[in-house]
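The block underneath contains the structure these notes are about, expressed in structure tokens.
Computed from heavy atoms alone, side chains included, the values below leave out hydrogens, waters and symmetry copies. Letters A, B, ... mirror the listed sequences (proteins, then strands); counts begin at 1.
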Amino acid sequence: MDIYFYNTLTKKKELFKPLDPKEIKIYSCGPTVYYYAHIGNLRAYLFMDNLRRVLRYNGYKLKHVMNITDVGHLVSDADDGEDKMVKAAKRENKNPYEIASFYLDAFLKDIDKLNIDKPEIIARATENIDIMEQYVKKIIENGYTYQTDDTIYFDTSKLDKYGVLSNRNIEEQKAGARVEFDNGKKNISDFALWIKAPENHLMKWDSFFGKAYPGWHLECSAMGYKYLGEKFDIHTGGMDHIPVHHENEIAQSKGFCGHIPANYWMHVDFLQVNGGKMSKSLNNLYTLEDLKQRGYEPLVYRMFNFTSNYKTPINFTFEAMDTAKISLNKLREAYLTHMNGNEEISDIQMQEYENKFLEAINDNLNMPVAMSVVWDIAKNPKKSKQLANLLLKFDEVLGFDLKNYEKKEEELPQEIIELINNRKIARLEKNWKESDRLRDIISQKGYEVKDTQNGMEVIKR
RNA sequence: GGCGCCUUAGCCAAGCGGUAAGGCACGAGUCUGCAAAACUCUGAUGAUCGGUCCGACUCCGAUAGGCGCCUCCA
């Protein structure tokens, strides 16, 4: 079935045509590992996961690269700022390499917890300095650069057009730019490719330009080229990458080989918190760990994300997280219930479910609509293994790990077990007063008591 | 100063030029000694104003509010 993606390059939803139907090539801008990922960051990787799973559900094989930025990026083009890695290193009294490996590890753990399907290739910038150097040399050879005492700049005025993604153009920006024009740059949109390292700079490499380090945007172009070639199918990233990072990647690629590196550019919009930006100063930056402490397992956050489309902003509220938490439990319960059912579902019905689901996910990853199909199945009054298996199939895209879900029989402390037994006796004797008293005690100790048709059920809260 | 986006019921939200998916909450009911759970039922005329059209939430314009980018940021 046809797949449609919204393409930032053309600003339209387009039919997806792979370069090579045997293998889809994707590049995703990954994290800069200088601190814990917050849930806004993680939305981007849930999107990436979603894209992977949808393509695979459609039968495609993937070659997907994600970079890990462990080279410090300067705070600005002018060489007067500290870079993020160095800043973090100072903060924690470690060297930048220790910072990188610590937070890379934390990041990988987070995406595992979210059940995110990892790209085939995870490439660290520091391990690819050589390819970046080659890349720059070629751009220089092709005549797209100029150099100052300490920096090699990309000359954006040499391009036929700069700003194809974001509709920016050099002239307009000059007019009302808020940013100071850096000394040495010819055009405001020019950017550093290769920078001579000051004496005290910690991360630097020997190169044709002396001890130096790469500019901000180079790593993605170079590693994309290394693993995927001059042209690949899809490039993903956050909204914020559109105006600078991805424009510059496009510029670099044009300077390197004359064309835009990817056919489809897909960007995730931001997660907002209570209608506004998430920021440290507002004290609303949450990590997975923060959510866990408030009682939301990581997959709840996954569920929450499926209420909206990736390319619109989503508003994070704890009310919505409660919704997601309950929903996830209901879906799991429904799955188990269907698993134990034996009713027949017609082929026509089954086919309709499959078609609707596929149509939704292939329509630019429309997860809200896909979920409506899932709920339709989950709430089907006929209880059927066929439906359970269908949910399992859809779970290849959803990623809730239903297959491994089973109702956990909580290991209850002896104290609680005794209370439960006493309550059972009280109930047999129809001593409701005692029964309620015991329920209150159990509840006070943090356990929830339910009297179902199959007897008493006690769950830790 | 420039570029762009958003505004749909209490909350998260989808789609669509022809009279608004889904989830959760709320409310009502069934069940139960009660409670919880489960199940059933139940809600919006689309920020405001104006225009185009036989017909607009869906297109155009204005107003209000919000968000993002132009500087590291998913």
Side-chain angles (χ1 to χ4, degrees), chain A residues 11 28-32 34-35 37-48 69 72-78 81-84 87 163 166-169 171-180 182 188-189 216 236-245 247 267-272 275-279 303-331 333 337 356 360 363 366-376 378-379 381 427 430-433 435-436 439-440 443 448-453 457 459:
Chain A
K11 319 249 181 316
S28 293
C29 286
T32 303
Y34 68 109
Y35 200 59
H38 59 248
I39 56 176
N41 299 131
L42 292 171
R43 185 187 190 199
Y45 305 105
L46 280 170
F47 154 69
M48 183 187 87
T69 299
H73 284 172
L74 282 184
V75 173
S76 81
D77 256 347
E82 291 176 291
D83 81 41
K84 287 194 288 194
K87 238 179 181 166
S166 54
N167 281 337
R168 303 201 310 162
N169 73 60
E171 297 313 311
E172 276 172 8
Q173 286 188 62
K174 277 182 190 165
R178 267 173 32 203
V179 189
E180 287 287 315
D182 286 320
I188 188 121
S189 49
W216 325 346
T236 79
M239 288 293 284
D240 51 317
H241 285 151
I242 296 173
V244 179
H245 184 57
E247 293 294 8
H267 294 97
V268 210
D269 210 316
F270 282 98
L271 176 96
Q272 302 189 352
K277 195 180 181 177
M278 193 163 56
S279 75
M303 176 65 93
F304 165 73
N305 272 269
F306 289 162
T307 61
S308 80
N309 185 270
Y310 76 89
K311 78 171 281 299
T312 53
I314 186 172
N315 193 25
F316 179 90
T317 62
F318 282 106
E319 201 174 344
M321 281 296 282
D322 288 336
T323 295
K325 185 177 177 177
I326 296 168
S327 300
L328 180 58
N329 278 333
K330 284 197 176 181
L331 181 60
E333 290 299 322
T337 307
K356 275 190 179 168
D363 181 20
N366 192 334
M367 295 314 287
V369 171
M371 284 308 293
S372 75
V373 180
V374 169
W375 289 117
D376 211 13
K379 295 191 171 179
R427 283 174 59 77
K430 296 203 189 294
N431 185 348
W432 307 127
K433 231 181 178 171
S435 162
D436 288 352
R439 181 169 60 201
D440 284 347
S443 160
E448 191 181 355
V449 182
K450 294 182 210 169
D451 298 314
T452 68
Q453 305 214 329
E457 196 176 283
I459 307 168

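Straight-line distance between the P atoms of rG50(B) and rC57(B): roughly 13 Å, to the nearest whole Å. Taking atom P in both rU32(B) and rA25(B), one finds a spacing of 23 Å when rounded to whole Å. A gap of 15 Å separates the C1' atoms of rG51(B) and rU58(B), to the nearest Å. Comparing rA47(B) with rU7(B), their P atoms are spaced 8 Å from each other, to the whole Å. Between rG43(B) and rA36(B), the distance separating the two P atoms is 24 Å to the nearest Å. Straight-line distance between the C1' atoms of rU45(B) and rG18(B): roughly 14 Å, to the nearest whole Å. Across rA13(B) and rA9(B), the matching C1' atoms stand 11 Å from one another, rounded to whole Å. For the P atom pair drawn from rC39(B) and rC24(B), the interatomic distance equals 9 Å after rounding to whole Å.
A donor-acceptor contact under 3.5 Å is formed by the side chain of R439(A) with the base of rA35(B). Between the side chain of T307(A) and the base of rG22(B) there is no donor-acceptor pair of N/O atoms closer than 3.5 Å. Residue-to-nucleotide contacts include no donor-acceptor pair under 3.5 Å from the side chain of D240(A) to the base of rG68(B).
Here F316(A) lies out of heavy-atom contact (under 4.0 Å) with every strand. Using a 4.0 Å heavy-atom criterion, one finds that W432(A) contacts the bases of the nucleic acid, with or without backbone contacts as well. Within the nucleic acid shown, M278(A) comes within 4.0 Å of at least one base atom, counting heavy atoms only. Residue K379(A) is classed as a sugar-phosphate contact, given heavy-atom separations below 4.0 Å to backbone atoms only. Among the atoms of the strands shown, only primed sugar atoms or phosphate atoms (P, OP1, OP2) are found under 4.0 Å from some heavy atom of K330(A). Among the protein residues, T312(A) comes within range of the sugar-phosphate backbone only, with heavy atoms under 4.0 Å from sugar or phosphate atoms but none that close to a base. Note on G40(A): a base of the nucleic acid sits closer than 4.0 angstrom, heavy atoms only. Nucleic acid contact for H38(A): base, since at least one base atom lies under 4.0 Å from a heavy atom of the residue. Among the protein residues, F306(A) comes within range of no part of the nucleic acid, since none of its heavy atoms lies under 4.0 Å from any strand. At a threshold of 4.0 angstrom between heavy atoms, the contacts of K450(A) include nucleobase atoms, whether or not backbone atoms are also involved.
Checking side-chain atoms of N329(A) against main-chain N and O of I326(A) turns up no donor-acceptor pair under 3.5 Å. Judged by distance alone, with hydrogens and angles left aside, the side-chain atoms of T323(A) form a donor-acceptor pair with the main-chain N or O of E319(A) at under 3.5 Å. In this structure, R43(A) contributes its side chain and G238(A) its backbone to no donor-acceptor pair below 3.5 Å. Judged by distance alone, the side chain of D363(A) and the main-chain N or O of N366(A) form no donor-acceptor pair under 3.5 Å.
RNA chain B is contacted by both V373(A) and D436(A); V373(A) maps to the nucleotide lying nearer its 5′ end (nearest heavy atom per residue). Residues M371(A) and H241(A) each lie close to RNA chain B; by heavy-atom proximity, the contact nearer the 5' end of the strand is made by M371(A).
When every heavy atom of Q272(A) is checked against every heavy atom of P313(A), the shortest pair comes out as NE2-CB, 4.2 Å. The minimum heavy-atom distance between V369(A) and A360(A), with the atom names listed, is CG1-CB, 3.6 Å.
The pair R439(A)-D436(A) counts as a salt bridge, with a side-chain nitrogen and a carboxylate oxygen less than 4.0 angstrom apart.
The partner of rU40(B) is rA28(B), by the rule that a Watson-Crick or G-U pair needs both atom distances under 3.5 Å. The base-pairing partner of rC69(B), taking Watson-Crick or G-U wobble contacts with both distances under 3.5 Å, is rG2(B). Across all strands shown, nothing is found opposite rC34(B) as a Watson-Crick or G-U wobble partner with both distances under 3.5 Å. For rC59(B), the paired nucleotide is rG51(B), the pair qualifying as Watson-Crick or G-U wobble because both relevant distances are below 3.5 Å. Nucleotide rU8(B) forms no Watson-Crick or G-U wobble pair with any nucleotide shown, as no partner meets the under 3.5 Å limit on both distances.
In this pair, F318(A) and F316(A) present their aromatic rings perpendicular. The plane angle is above 60°, beyond the 30 to 60° band.
For rA25(B), the OP1/OP2 oxygens have no side-chain nitrogen or oxygen of S327(A) closer than 4.0 Å. For rA14(B), neither phosphate oxygen OP1 nor OP2 lies less than 4.0 angstrom from any side-chain nitrogen or oxygen of N366(A).
When distances are taken from the side chain of S372(A) to each of rC11(B), rA13(B), rG22(B), the shortest belongs to rG22(B). In this structure, the nucleotide among rA36(B), rC69(B), rA14(B) sitting nearest to the side chain of N309(A) is rA14(B). Side-chain proximity of L271(A) to rA74(B), rC69(B), rC11(B): nearest is rA74(B). Taking only side-chain atoms of S435(A), from C-beta outward, the nucleotide of rA74(B), rA14(B), rG33(B) with the closest atom is rG33(B).
To the nearest angstrom, C1' of rG22(B) lies 11 Å from CE of M303(A). The CD1 atom of I188(A) sits 12 Å away from the C1' atom of rG1(B) (whole-angstrom rounding). One can place CD1 of I314(A) at 16 Å from P of rC24(B), the figure rounded to the nearest angstrom. The separation between Q272(A) atom CD and rC5(B) atom C1' is 10 Å, rounded to whole Å. Rounded to whole Å, atom C1' of rA14(B) lies 11 Å from atom CG of D363(A). Between E319(A) atom CD and rA13(B) atom P there is a gap of 12 Å when expressed in whole angstrom units. D269(A) places its CG atom 13 Å from the C1' atom of rG66(B), with the value rounded to the nearest Å. At whole-Å resolution of the value, CD1 in I39(A) and P in rC12(B) are 14 Å apart.
Atom SG of C29(A) is separated from atom NE2 of H267(A) by 7.5 Å, given to the nearest 0.5 angstrom.
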